[in-house]
Protein chains: 2
Amino acid sequence: MAERPILHRDDPQKAPLVGHVKVTREDWLNVARDILVSDGVAEVKVLAIGERLGVSRSSFYWYFKSRKDLLNALLDDWEGRNTAVIEAHCALDAETITEAVCNFFRCFFDPELFDQGLDFAVREWSRRDGKVRKRIDLADSARISAITAMFERHGFTQYEADVRARILYFMQLGYHALDQAEPLRDRLARTEGYLLGFTGQPPRQSELEALFAFAREKARR
Amino acid sequence: MAERPILHRDDPQKAPLVGHVKVTREDWLNVARDILVSDGVAEVKVLAIGERLGVSRSSFYWYFKSRKDLLNALLDDWEGRNTAVIEAHCALDAETITEAVCNFFRCFFDPELFDQGLDFAVREWSRRDGKVRKRIDLADSARISAITAMFERHGFTQYEADVRARILYFMQLGYHALDQAEPLRDRLARTEGYLLGFTGQPPRQSELEALFAFAREKARR
DNA sequence: TTCCGTCTAGACATTTTTGTCCAATACTAT
DNA sequence: ATAGTATTGGACAAAAATGTCTAGACGGAA
């Protein structure tokens, strides 16, 4: 996810500037995103980021006008990372609807494609900031539309495609809201069979196995 | 939800102490809960609460040892409000499974019974605090067990009851994660039919109408 | 080597937030 | 009324967080 590793100077002694480590704007942004995801927007503090970078707090103001400026950059960063991925994957060609839903899940469980934690952190942030709220609302609509279109391409009526799209998307959100406690993937394997089969036709076992092989593999590493 | 109304002194002038408004520990807690829900735990600040109560910040320390003490009280308050309700309602006698699921929904959409926003705020809080995390994990397990038992009482095998319980609970979480943007209830009406019928037997229209009449009415006011 | 633009440390100033102390006020029981 | 307790305001202190300014270190180009 991060181009450069997140810096961490174990020994924060007076740093004699020899072997001086250069810190880029990207680094500030990366650590900020990291804190946003793990601790929420209120904990994104200039001093904390600077300490984690092993660098003085004041150099922050070379790269960013203010803390607010950083937060805006963070929001743009999120949009750049997470906006197009789902739409693109839902638009992929697929022979069967199972395959298509598999593409959908790939977006949410492949950390190379989509940062689920970041998405959730921004969603939480949006609850306290109208500007953020508007942007995530747009993202949600776009995603649900993309998933709906996916179902429509596979022969569902507009109404039924819409219902299925929302069920898929909401369950996805619900998974993450609970998350971390017990391994997510077990529950996935137990429930997605029914989700895919919510028309009453349970999918064939072979199709399911192909569908979740990917998620399981990702979950292991 | 709150025993006493949340105080709001419109005119915060030097307050001549005549007609003095007495502020209780409950009041501090109520406003704190209010801020927790709308702005997150990081925004629960002594000064902000005091201002909203129209009262000096220092009297806070009469009721609470410290800010940390307040946060602990807030957590106990949440547990008291939200822990037993779902278990109790899922254990209610019901003729049909539709009726039983209706009881389940009553928990989440009747603000007299259950504070959904508070539950979500604590869930968010738990992402940054291991102690909170443990308590909400326990609550989640207890709730899912209660819902599972509900399905088992209506003839589902343990496995199938478990799957259905998780789908219901996760969808509920997902709904709230998205929430506020468009009216939640429309989506509810469109999707719950399928949820209830995810065995392939769509429920009869009359049953559905009874099921959601309650939620709609609540949503209106 | 020198110069210049880039980046950083540290000092300084300000605001926000928390916590302590004590005198003063309001309320209750007598 | 009076005494005593419960509650509050305001002064004081300290810590945490943001933002500004300046001197100087670094590295590449002339």
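Chain identifiers are assigned alphabetically (A, B, ...) following the order of the sequence lines, protein sequences preceding nucleic acid strands; residue numbering begins at 1 within each chain.
Taking the side-chain contact (heavy atoms from CB on, under 4.5 Å) definition, one finds that B:Val85 meets it with B:His89, B:Leu113, sequence neighbours left out.
What separates CZ of B:Arg25 from C1' of D:dT8 is a distance of 17 Å, to the nearest Å. A straight line from CH2 of B:Trp28 to C1' of C:dG19 spans 13 Å, rounded to a whole angstrom. Straight-line distance from the CG atom of B:Leu53 to the P atom of D:dG9: 10 Å, rounded to whole Å. The distance between atom CZ of A:Phe64 and atom C1' of C:dC7, rounded to the nearest whole Å, is 14 Å.
Between the side chain of B:Asp115 and the backbone N or O of B:Asn82 there is no donor-acceptor pair closer than 3.5 Å. Of the possible polar contacts, one joining the B:Arg127 side chain to the A:Val37 backbone as a donor-acceptor pair under 3.5 Å is found.
Note on A:Arg135 versus A:Asp76: salt bridge recorded, some NZ/NE/NH1/NH2 to OD/OE distance being below 4.0 Å. Salt-bridge annotation for B:Lys45 and B:Glu43: present, with a side-chain N of the basic residue lying under 4.0 Å from a carboxylate O of the acidic one.
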Report task. For nucleotides 16-21 of chain D, just jot down a letter per nucleotide in 5' to 3' order: B, S or -, based on protein non-hydrogen atoms under 4.0 Å. Result -> -SBBB-

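For residues 57-73 of chain B, the pairs satisfying side chain to side chain donor-acceptor pair (under 3.5 Å) are B:Ser56-B:Ser58, with sequence neighbours left out.
You'll find that the side chain of B:Trp62 is closest to D:dT8, out of C:dC7, C:dG10, D:dT8.
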